[in-house]
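Note sheet for the following structure.
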Amino acid sequence: MREQSPTSRLRKAGFSDPLRASRLLAEPASAQLGGLDPEDFAPVADPDQCLLALIRLAEACADSTGLESCLRGPGRRGLLAVLGMSSVLGDFVVSHPGALDVFERRERLEDVTLAGERRSALTAVGADPDDDVPVAASGGHDAINAMRAHYFERILSIAAADLTGPDSLAAMPCVSAAISHAVGGALEAALAVARVGVPGAENVGLTIVAMGKTGACELNYVSDVDVVYVARSLSDEGPDDEAMLAVATKLASAVGRAVSAPAYEPALWMLDAGLRPEGKDGPLVRTLDSHVTYYKRWAKGWEFQALLKARPIAGDLELGRAYLDALWPMVWDAAGHENFVEDSRAMRKRVEDHVPSKEERRQLKLGKGGLRDVEFTVQLLQLVHGRTDVSLRVRPTLQALACLRDAGYVARGDADLLDRDYRILRVLEHRIQLRRLRRSHLVPTGEDDMRRLARAMGVPGCASGEDLERLWQDTRRQVRALHREIYYRPLLPEAARLSADDIALKESSAKARLEAIG
């Protein structure tokens, strides 16, 4: 058999420019890459990008054996996968060669917990994780940079496991949960740093309640983090509520700056407190009593729908549990409010109408057949039927879909299709965002971009850009059809309007009542 030339082997491994790759491999820095074959790059999303990052990394590690050790050990696959997928994470490794240890540890996504992330993030800023109110060793830019660098190391570890796992669709919920836990750890560390620079902070308990995807442990690699702040005095002789809330507001503002203000290390994400009572017109921080009063008197249906995902994620977790205890029951009464189903459907329509026409066929999140179609469908059924069926009172979308299926509210076949479709959409979203760690929900149209994404998807039958385009369009058509069939069921508004007495009817009486309304 004729032996393949080095250039042919590089092309077969997926290099777009095998001649340039050959030249790079001939550079002195590539001596640290000994033992790598072209076949090692075959599973990588972008072999050309990966090799270039490796050369840069070899130059940065010129006086260290860390890179050689990583490439010869169990961390090789994870390192190559990350460098070939994310230019931003590649830049981070080049500027932080010590982060190579992350790949050697080969962490299991199932082992990532909020408690573990909290402990490691607090340690990174010099705070004692066992203190009731942890305070960082120092404030300012050094502590902020330490917190951010630690967060990016955690994302490196998660991405390495994600990109090298045997089944990307099966792993998707664990990936999102791990990212959400890492965000929780970063918020805990940011709060510990904030306490250093705010006088009186030792007397104030502040809980950060995660909302939306953060609360449901469903975060993307890059997303705004939706939160609500609740505060209390930690001392019986502490300041009155007005003074206490002034301190708590300074703490919350400092947390926001710690994660997103300019510093040596890049910003992490934006903290969005827009889901708080009264939105941006309301105070940033409230007491628990103030939250309860608002939801009892003035909250609209969509605000209770937002509370469906609420979860204390950092700070005063005891206060956070009290917040949930007070508000969680209200969530499950919301569907009985007048026109709840109709208002929910109108809100979904408004979201669709705001998608620019030029983005409609590429919009992964908000468009027809996108992620929101699945999420709105699941949440509406949860809220309507969860009034009496406590098995539906869960936060994650896929877990809720499984509960709806098991309880008979969604046909098993339809639920299984939606489950797979949602996983495909979320994995595609993750791959799109990993590239440059930017908040994007548009499926690209460029041939090179689609090819790169297809190679990273880890989905059988998706090996080329054409395969991915077909998978994307088939998925969105199927999601849209299922959404319209389930979300717009004619009897949903009637089911939402049933009184507690109606719901408690015996089976024979319930059948008669339902027949009477069609």
Side-chain angles (χ1 to χ4, degrees), residues 187 191 203-216 224-234 238-256 270-344 346-348 350-351 375-376 379-380 382-384 386-387 393-395 496 500:
L187 288 173
L191 180 55
N203 295 319
V204 174
L206 179 69
T207 187
I208 303 176
V209 178
M211 308 288 278
K213 286 186 174 181
T214 315
D224 287 355
V225 173
D226 295 311
V227 296
V228 168
Y229 298 103
V230 191
R232 67 172 176 174
S233 175
L234 294 177
D240 59 25
D241 278 356
E242 183 178 355
M244 180 274 294
L245 286 171
V247 173
T249 301
K250 291 179 182 178
L251 280 175
S253 299
V255 169
M270 291 299 296
L271 273 181
D272 188 346
L275 292 177
R276 68 186 185 266
E278 299 179 86
K280 294 179 180 179
D281 294 329
L284 181 62
V285 185
R286 290 176 181 257
T287 64
L288 176 56
D289 287 344
S290 176
H291 276 280
V292 171
T293 298
Y294 175 84
Y295 282 101
K296 282 183 175 179
R297 294 183 180 178
W298 296 294
K300 297 179 174 64
W302 69 265
E303 292 177 278
F304 292 107
Q305 186 170 343
L307 280 175
L308 175 61
K309 306 290 188 181
R311 174 177 63 97
I313 194 172
D316 189 340
L317 296 184
E318 182 181 349
L319 177 59
R321 286 189 289 271
Y323 173 90
L324 278 190
D325 289 344
L327 298 182
W328 190 244
M330 299 185 199
V331 173
W332 304 106
D333 291 333
H337 296 182
E338 185 176 1
N339 296 324
F340 176 83
V341 173
E342 292 85 350
D343 290 345
S344 177
M347 181 167 61
R348 175 67 189 120
R350 285 195 297 273
V351 171
E375 292 162 354
F376 268 71
Q379 289 173 28
L380 181 60
Q382 275 186 277
L383 290 166
V384 169
R387 288 192 294 162
R393 299 181 182 185
V394 297
R395 294 178 181 84

Item to complete: Begin with the C-alpha distance, continue with both residues' side-chain angles, and end with the deciding distance and a verdict on side chain to side chain contact (heavy atoms under 4.5 Å, CB included) for Leu187 and Leu271.
Response: CA-CA 10 Å; Leu187 288 173; Leu271 273 181; 3.8 Å; yes

Discussion item. Could you go through Lys300 and Met347, starting from their C-alpha distance and side-chain angles, then the distance that decides it, and tell me whether this counts as side chain to side chain contact (heavy atoms under 4.5 Å, CB included)?
Written reply: CA-CA 12 Å; Lys300 297 179 174 64; Met347 181 167 61; over 6 Å; no

Discussion item. Quick one, Val225 with Asp272, criterion side chain to side chain contact (heavy atoms under 4.5 Å, CB included). Give me CA distance, side-chain angles, the key distance, then yes/no.
Written reply: CA-CA 6 Å; Val225 173; Asp272 188 346; over 6 Å; no

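For the atom pair CZ (Phe376) and CD (Gln305), the distance works out to 5.5 Å, reported to the nearest 0.5 Å. Annotation: the span from Thr287 atom OG1 to Glu242 atom CD amounts to 12.5 Å, rounded to 0.5 Å. Rounding to the nearest 0.5 Å gives a distance of 10.5 Å between NZ of Lys280 and CG of Leu275. Rounding to the nearest 0.5 Å gives a distance of 11.0 Å between CZ of Phe340 and CG of Asp333.
Contact annotation: the side chain of Pro312 approaches that of Leu324 to within less than 4.5 Å [non-hydrogen atoms, C-beta and beyond]. For the pair Gln379/Ser344, no side-chain contact is recorded, criterion being any heavy-atom separation below 4.5 Å from C-beta on. Side-chain contact check for Val230 versus Leu206: every heavy-atom pair is 4.5 Å or farther apart. Here the side chains of Met330 and Leu327 are in contact, with some heavy-atom distance below 4.5 Å. Contact of the Thr293 side chain with the Trp298 side chain is registered, since non-hydrogen atoms from C-beta on lie closer than 4.5 Å. Two residues are said to be in side-chain contact when any heavy atoms from C-beta on lie closer than 4.5 Å; Val384 and Leu380 meet this criterion.
Of the possible polar contacts, one joining the Arg311 side chain to the Gly215 backbone as a donor-acceptor pair under 3.5 Å is found. Between the side chain of Arg393 and the backbone N or O of Gln382, no donor-acceptor pair lies under 3.5 Å. Between the side chain of Glu303 and the main chain of Pro277, no donor-acceptor pair closer than 3.5 Å is present. The backbone N or O of Ala243 lies less than 3.5 Å from a partner atom in the side chain of Asp240, making a donor-acceptor pair. A donor-acceptor pair under 3.5 Å is formed between the side chain of Thr249 and the backbone N or O of Leu245. Looking only at distances, no side-chain donor or acceptor of Thr214 sits under 3.5 Å from a matching main-chain atom of Ala210. Judged purely by atom type and a 3.5 angstrom limit, Lys309 has no side-chain atom pairing as donor or acceptor with the backbone of Met211.
Every residue two or more places apart in sequence or in another chain was checked for a ring-ring contact (aromatic ring centres under 6.0 Å, His included) with Trp302, and none qualifies. In this view, Tyr295 and Phe304 satisfy the ring-ring contact (aromatic ring centres under 6.0 Å, His included) rule, not counting sequence neighbours.
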Donor-acceptor list for residues 313-322 side chains, cut-off 3.5 Å, not counting sequence neighbours:
unit_1, atom_1, unit_2, atom_2, d
Asp316, OD1, Arg232, NH2, 3.2
Asp316, OD1, Glu318, N, 3.4
Asp316, OD1, Leu319, N, 3.1
Asp316, OD2, Arg232, NE, 2.7
Asp316, OD2, Arg232, NH2, 3.1

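Trp328 and Trp332 get closest at one heavy-atom pair: O-CD1, 3.1 Å. Of all the heavy atoms in Gly205 and Leu234, the pair that sits closest is N-CG, 3.4 Å. Of all non-hydrogen atoms in Arg395 and Ala216, the two that sit nearest each other are O-CB, 3.8 Å.
Judged by the 6.0 Å distance and 45° axis criteria, Arg286 is not positioned over the aromatic ring of Tyr229.
Checking each of Val227, Asp281, Val209, Leu284 against Arg276 for a side-chain contact (heavy atoms from CB on, under 4.5 Å) leaves exactly one that passes, namely Leu284.
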